[in-house]
Amino acid sequence: MAPLSLSSTTSPKDTKVPIPLLGFGLWQLPGEACLAPARAALAAGYRHLDSAQLYRNEAQVGALLHEIAGSIPRGEIFITTKQGVCGGSPEKTYQLALDSVRRISGDGDNGYVELFLIHTPRGGADARRELWGALEKLYAEGKARLIGVSNYDVEHLEEMRAYAKVWPPHVNQIELHPWSQQREVVKYCEDHGIVVQAYSPLVTGEKDKLEHTVLGRIAAKHSKTPAQVLIRYGLQKGWVVLPKSKTPERIEQNADVFGFELDEEDIVALDGLEEEV
Ligand code: A2P
């Protein structure tokens, strides 16, 4: 395998759409609040932004795409959004998804996002099916280059098989870090060619985790920070990793994870952290 770099990508099985392995999460950065961090991320070399209807920053992502159009070609940027609720009918649910694409990509018929996810399985089986139908329609129309799910367990993924025209989903985005390894669903995704995306790779900044002695020892060994070790851990697992920060130095630091490699001993030690819980 070629060494990982900031421009490394992965593609879901049977697709040719490259997903940058490092993405920038936009959760808890509503409205204009996302702009400075997203600009800093693009300046630091990130080319993948992770938004959602719930984050209330799709329109700002759209404005940003417009703003940078002269310096970074649209084809070099990867945008994700997500929808977790239905609209009251299949047509209205589809319309809500289309509204997202338009907020990000403008009103023209050629607008698209790279990835559209069902945000959560929690709406129930009927909602899951209706949302997937809406995303399949967007996919068929080219308005979402890839479609997938988030927070899905094996049972939700298996349930989709019965009705999905697009199966497997291209992506499953779940909470992943040493204290939340979700081994069963990760294995299922790997076995089926579903790209695994890791949200909250920094354990949402939890102090007792970022200051854990095992993590600290590994960070010191590589002259890196605990956050950099956690991001590198996810990358070496083969996951797409989506750290977030509103702090410019951390945004840069979190992208500086390609000049070192965790060894087998480090990975085993980090894997072992889940057992402590
Ligand atoms: P901040 O936004 O104030 O920089 P996660 O990506 O797991 O959701 O974690 C996000 C949290 O981790 C945020 O609170 C963020 O704080 C913090 N964080 C991001 N990068 C770093 C870093 N390099 N070192 C320490 N904390 C970080």
Side-chain angles (χ1 to χ4, degrees), residues 4 6 19-52 54-57 60-61 64 78-82 84 115 117 119-120 150-151 171-182 186 195-237 239-260 262 266 270-271 273-274 277:
L4 295 174
L6 192 48
I19 307 177
L21 290 186
L22 186 70
F24 187 70
L26 297 175
W27 183 46
Q28 291 180 328
L29 294 170
E32 305 274 302
C34 81
L35 286 175
R39 284 190 192 112
L42 293 169
Y46 298 72
R47 290 293 178 266
H48 174 172
L49 300 177
D50 184 82
S51 182
L54 203 65
Y55 304 169
R56 306 244 169 262
N57 49 30
Q60 287 72 25
V61 170
L64 191 61
F78 189 98
I79 304 289
T80 300
T81 195
K82 319 180 191 82
L115 175 62
L117 303 177
H119 205 144
T120 168
S150 181
N151 297 303
V171 164
N172 187 18
Q173 184 182 122
I174 54 181
E175 180 177 350
L176 285 173
H177 47 72
W179 291 272
S180 169
Q181 293 176 44
Q182 306 211 44
V186 166
V195 169
V196 174
Q197 295 191 336
Y199 74 75
S200 298
L202 306 177
V203 209
T204 65
E206 258 184 62
K207 220 165 150 6
D208 65 322
K209 300 290 193 295
L210 288 180
E211 291 179 0
H212 194 286
T213 48
V214 170
L215 188 53
R217 177 173 51 73
I218 295 170
K221 172 175 155 186
H222 294 280
S223 303
K224 291 286 167 184
T225 67
Q228 288 172 314
V229 168
L230 289 176
I231 294 166
R232 185 74 204 185
Y233 171 81
L235 292 170
Q236 289 186 214
K237 289 276 179 186
W239 306 332
V240 170
V241 187
L242 305 168
K244 55 179 198 303
S245 172
K246 53 182 162 16
T247 316
E249 307 79 64
R250 288 175 171 175
I251 292 169
E252 265 190 54
Q253 180 195 119
N254 296 346
D256 178 18
V257 290
F258 298 101
F260 75 110
L262 300 173
D266 302 330
L270 292 167
D271 281 348
L273 291 174
E274 194 170 50
V277 182

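Numbering of ligands and ligand atoms starts at 1, following listing order.
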Heavy-atom neighbours of K221 NZ exceed 12 at 6.0 Å: yes

K237/D271 salt bridge by N-O under 4.0 Å criterion: yes

Contact residues of ligand 1 (heavy atom under 4.0 Å), by chain and number: S200, P201, L202, V203, T204, G205, L210, A227, P243, K244, S245, K246, T247, R250, Q253, N254

Test log, rule side chain to side chain contact (heavy atoms under 4.5 Å, CB included), inputs W179 and H212: CA-CA 11 Å; W179 291 272; H212 194 286; 3.9 Å; yes

R47 NZ/CZ over F78 ring centroid, <6.0 Å and within 45° of normal: no

Closest approach of L22 to N254 (non-hydrogen atoms, all atoms of both residues): CD2-O, 4.0 Å

Electrostatic pair K224:D256 at N-O distance under 4.0 angstrom: yes

